[in-house]
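Inspection log for the structure reproduced underneath, given as structure tokens.
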Amino acid sequence: MTRHILLINGPNLNLLGRREPHIYGSTTLADVEAQAHAQAASLDISLETFQSNHEGAIVDRIQEAAGWGLTAKSLDAPSSAESDGGEQSKNNSNRPDRVSAIVINPGALTHTSVAVRDALLGVNIPFVELHVSNVYAREPWRKHSYFSDKAVAIICGMGAYGYTAAIEFAARHMKLEEVD
Ligand SMILES: O=C1C[C@@](O)(C(=O)O)C[C@@H](O)[C@@H]1O
């Protein structure tokens, strides 16, 4: 039995390390994800990472994390195995049916996205909200989050170390469903 954690990064976090380094530091997303995979292995959990600049893609990925996510379109279309020679199903073959916890840095969607909030609530998977910067020490509108009142924990202002702290917390302190 394994516990599965999904790490999601929202818009512009693909630019970590290059983007406003005085705010977000010099660690790249590739560094963050490599470190997260090494950490997960040492904690004996499985970890998947996902980054998108698109709100709808993040909603889709959260639905998939619950083993759902069939859209009206995909119900009509031939199965991915038929339509893409099995490529999609091959890529997904190591995916658990259900993720036990989500660590999410929603980026700017923190302050705008009812859709991502609703997706997280809809799948009922516990999540940790994470921000690299201290959003409370920045523009006043960054203080409002569509996620904080539903998050199990919130981490902000720890820089890239926040990802390590969030995964550690999720793995050791959240009661994670074991799935296989
Ligand atoms: O894109 C981001 C990154 C951020 O989530 C952070 O990690 O500090 C903070 C958000 O306000 C901002 O829009």
Side-chain angles (χ1 to χ4, degrees), residues 4-43 45-66 69 99-174 176:
H4 300 284
I5 294 182
L6 172 63
L7 171 63
I8 299 179
N9 277 287
N12 297 306
L13 290 159
N14 55 321
L15 299 182
L16 267 185
R18 276 184 288 168
R19 162 195 192 203
E20 300 180 276
H22 55 292
I23 296 176
Y24 298 111
S26 56
T27 308
T28 65
L29 183 63
D31 294 337
V32 163
E33 291 184 343
Q35 156 64 27
H37 281 293
Q39 184 189 6
S42 75
L43 290 166
I45 55 174
S46 81
L47 179 101
E48 283 185 78
T49 58
F50 180 76
Q51 189 279 328
S52 179
N53 293 329
H54 305 279
E55 185 176 30
I58 294 172
V59 170
D60 286 346
R61 187 64 191 85
I62 291 168
Q63 291 184 7
E64 260 182 55
V99 162
S100 4
I102 293 176
V103 173
I104 182 166
N105 182 346
L109 296 174
T110 305
H111 320 295
T112 61
S113 185
V114 176
V116 175
R117 174 194 171 95
D118 282 354
L120 287 166
L121 299 188
V123 296
N124 198 25
I125 297 174
F127 68 94
V128 176
E129 175 184 352
L130 155 69
H131 303 286
V132 174
S133 67
N134 178 358
V135 284
Y136 295 98
R138 301 179 62 191
E139 299 93 327
W141 50 265
R142 286 190 205 269
K143 293 189 176 113
H144 177 259
S145 163
Y146 276 100
F147 302 88
S148 299
D149 62 316
K150 298 295 180 186
V152 175
I154 305 155
I155 291 175
C156 82
M158 290 190 189
Y161 172 71
Y163 289 95
T164 307
I167 290 166
E168 170 85 14
F169 177 79
R172 291 198 199 273
H173 302 289
M174 287 164 76
L176 301 184

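Residue numbers count from 1 along this sequence. Order of listing sets the numbers, starting from 1, for every ligand and every atom in it.
- At a heavy-atom distance under 4.0 Å, only side-chain atoms of Arg19, from C-beta outward, approach ligand 1.
- Side-chain contact annotation: Ser100 with His4, donor-acceptor N/O pair under 3.5 Å absent.
- In summary, the aromatic rings of Tyr146 and His144 are positioned with their centroids under 6.0 Å apart.
- Within 6.0 Å of the CZ atom in Arg18, the count of heavy atoms belonging to other residues, nucleotides or ligands does not exceed 12.
- Classified by interplanar angle (parallel below 30°, tilted 30° to 60°, perpendicular above 60°), the ring pair His111/His131 is parallel.
- Taking distance alone, with nitrogen or oxygen atoms compared against 3.5 Å, Pro106 stays at or beyond that limit from ligand 1.
- The N/O atoms of His131, backbone and side chain alike, include one that comes under 3.5 Å of an N/O atom in ligand 1.
- In summary, the side chains of Arg61 and Ser52 do not present any donor paired with an acceptor at a separation below 3.5 Å, with no hydrogens or angles considered.
- Taking only nitrogen or oxygen atoms, main chain and side chain alike, Thr110 does not reach within less than 3.5 Å of ligand 1.
- Shortest contact from atom 12 (C) of ligand 1 to any protein heavy atom: Arg142 NH1, 3.3 Å.
- Near His111, the atoms of ligand 1 lying under 4.0 angstrom from a non-hydrogen atom of the residue are 10 (C), 11 (O).
- Considering backbone and side-chain N/O of Val135, none are found under 3.5 Å from N/O of ligand 1.
- Side-chain contact of Tyr163 with Asn9: a donor-acceptor pair under 3.5 Å is present, judged by distance alone.
- For atom 8 (O) of ligand 1, the closest non-hydrogen atom of the protein is Ser133 OG, 2.6 Å.
- With no hydrogens or angles considered, no side-chain donor-acceptor pair links Asn53 and Glu55 at under 3.5 Å.
- Atoms of ligand 1 lying under 4.0 Å from any heavy atom of Tyr24, numbered from 1 in the order shown and given with element: 2 (C), 3 (C), 6 (C), 8 (O), 12 (C).
- Numbered from 1 in the order shown, with element, the atoms of ligand 1 that lie under 4.0 Å from a heavy atom of Val132 read 6 (C), 7 (O), 8 (O).
- With a 4.0 Å heavy-atom cut-off, ligand 1 is reached by no atom of Asn12.
- Across all their heavy atoms, Pro11 and Ile58 have their closest contact at CD-CD1, 4.3 Å.
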